[in-house]
Amino acid sequence: MPELPEVETVVRTLRPRLTGRTIVAATGDPKLTPAAVIGQTIREVSRYGKYISLRFDQGLLLVHLRMTGKLLFDGARTPYTRAEFVLDQGTLLYDDIRRFGRITWVQIYPSQGPDPLEVPFPGFANLFAGRRARLKTLLLDQQFLRGLGNIYVDEALFRARLHPLAVCADLSRPKLERLHAAIREVLDEAIALGGSSISDYVDGNGERGTFQNFHRVYRKTGEPCVVCGKAIERIVVTQRGTHFCPRCQRA
DNA sequence: ATCTATTCCTGGCTGC
DNA sequence: TGCAGCCAGGAATAGA
């Protein structure tokens, strides 16, 4: 499922193909094809959390891929193609098997937490002060930090040697420093490899990522920890499958 | 503030 | 081979 590294990869692959293009027509699900974009020129392609953002003179088109969404330049139509944006050069297809994704026309970005790749450590640490929620719960909350999802939270917590059920406010400064570094590290590595393609994810050119080959805990239940050899465990936190090493990540 | 449950949605997997 | 049942989960929403 597309999280920050996947969305960043889509943005990087689409940016050179879409910047300066004009939308000539839009067809498909009316909820995915706001009329406001017709005739408008794409000025900028960027990422806001897990949103792909197309900036026009009159507003922003925000694309959220959720679980199975794909945004493809000159891609092939499939039975799951839900929307099609005809450009002055090329076509932008929106494909989504499970229809969880959303495309919205807005004037400003929704209010969310800071970007984990941009927030410096002091600000990062301050976010946790006074918060009694579980660590994984807050890291998944886009109002707290924007861009992390289930895969990268599990991978970052493993690297930082922190238990997903730790109470945020109780985390020591060294632990928060480890977490800050681990989040940046895993996101940077994932972006460098084009993201994780577990099932459906592909970039704007239809290419799969390869970071799934380097996951250490996500969906590794029962497999030996790469650090200590103990079997990776799976629990449910906030309705999400959660994978961790019970020895490296003590409660 | 925090937690839980529910809804959306369908391909892929398991077990009989 | 067929098929029922369940699982994956990001975000919005309601309710405790």
Side-chain angles (χ1 to χ4, degrees), chain A residues 1-11 28-32 47-53 60-71 76-83 94-106 109-113 115-116 126-157 163-171 183 187 190 195-202 208-209 211-212 215 217-223 232-244:
Chain A
M1 32 290 167
E3 304 178 24
L4 189 154
E6 289 76 30
V7 177
E8 179 64 29
T9 302
V10 173
V11 164
D29 185 341
K31 292 204 294 193
L32 300 174
R47 179 182 61 77
Y48 180 82
K50 296 180 195 170
Y51 291 97
I52 299 158
S53 169
L60 303 163
L61 192 68
L62 298 184
V63 181
H64 199 305
L65 303 174
R66 295 284 185 98
M67 304 299 297
T68 57
K70 302 176 185 176
L71 199 55
R77 285 199 197 114
T78 75
Y80 311 110
T81 300
R82 310 299 184 189
Y94 179 69
D95 215 79
D96 190 358
I97 290 176
R98 293 171 65 180
R99 304 179 198 253
F100 273 21
R102 297 287 182 268
I103 299 180
T104 51
W105 175 255
V106 299
Y109 289 118
S111 174
Q112 295 195 326
D115 190 293
N126 289 341
L127 297 173
F128 294 84
R131 300 300 298 264
R132 302 300 303 173
R134 307 291 189 170
L135 184 49
K136 176 157 182 175
T137 303
L138 266 199
L139 293 177
L140 285 174
D141 183 351
Q142 304 301 296
Q143 306 304 314
F144 179 78
L145 209 55
R146 66 175 190 261
L148 296 179
N150 210 34
I151 295 174
Y152 296 102
V153 167
D154 280 7
E155 292 297 323
L157 289 177
H163 196 282
L165 293 178
V167 173
C168 290
D170 295 345
L171 292 169
I183 290 172
L187 294 178
S196 302
S197 289
I198 300 285
S199 55
D200 301 273
Y201 165 72
V202 292
R208 290 167 60 83
F211 191 68
Q212 68 277 8
H215 291 174
V217 290
Y218 181 73
R219 293 206 186 173
K220 302 282 184 195
T221 312
E223 293 183 34
I232 299 303
E233 287 186 8
R234 180 185 186 278
I235 59 176
V236 174
V237 179
T238 320
Q239 317 296 114
R240 298 284 179 275
T242 299
H243 317 77
F244 69 104

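Note that this is a predicted model, so its numbers are computed, not measured. Scope of the values below: all heavy atoms of this structure, side chains included, with no hydrogens, waters or symmetry mates. In what follows, every chain begins at residue 1, and chains take the letters A, B, ... in the order their sequences are listed.
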*Electrostatic pair A:Arg66-A:Asp96, nearest N-O below 4.0 angstrom*: no

*Side chain of A:Gln212, backbone of A:Ile198: donor and acceptor closer than 3.5 Å?*
no

Distances under 3.5 Å only, N/O to N/O: pair up the protein atoms with those of nucleotides 10-12 of chain C.
from	atom 1	to	atom 2	distance (Å)
C:dG10	OP2	A:Arg240	NE	3.0
C:dG10	O3'	A:Lys50	NZ	3.4
C:dG10	N7	A:Arg240	NH2	2.8
C:dG10	N2	A:Arg66	NH1	2.8
C:dG10	N3	A:Arg66	NH1	3.3
C:dA11	OP1	A:His64	NE2	2.8
C:dA11	OP2	A:Lys50	NZ	3.1
C:dA11	OP2	A:Gln142	NE2	3.3

*Can you find a pair of side-chain heavy atoms, one from A:Arg47 and one from A:Leu4, that are under 4.5 Å apart?*
yes

*Would you please classify the geometry between the A:Tyr48 ring and the A:Tyr109 ring as parallel, tilted or perpendicular, with 30° and 60° separating the classes?*
parallel

*Quick check: does any side chain N or O of A:Asp154 sit under 3.5 Å from a backbone N or O of A:His243, one acting as donor and the other as acceptor?*
yes

*On DNA chain B, nearest-nucleotide positions of A:Arg82 versus A:Ala133: which is more 5'?*
A:Ala133

*Which of parallel (below 30°), tilted (30 to 60°) and perpendicular (above 60°) describes A:Tyr51 and A:His64?*
perpendicular

*asked:* Less than 4.0 angstrom from a charged side-chain N to a carboxylate O is my criterion; do A:Arg77 and A:Asp95 meet it?
replied: no

*asked:* Under 4.0 Å from a heavy atom of chain A: give me the 5'-most and 3'-most nucleotides of DNA chain B that qualify.
replied: B:dT2 to B:dG11

*Which part of the nucleic acid, if any, lies within contact of A:Tyr218, taking any heavy atom under 4.0 Å across all strands shown: a base, the sugar-phosphate backbone alone, or nothing?*
sugar-phosphate

*asked:* At 4.0 Å (heavy atoms only), tell me whether A:Arg146 reaches a base, stays on the sugar-phosphate, or touches nothing.
replied: nothing

*How far apart are the C-alpha atoms of A:Thr137 and A:Phe144, what are their side-chain angles, what is the distance that settles it, and do they pass the side chain to side chain contact (heavy atoms under 4.5 Å, CB included) test?*
CA-CA 10 Å; A:Thr137 303; A:Phe144 179 78; over 6 Å; no

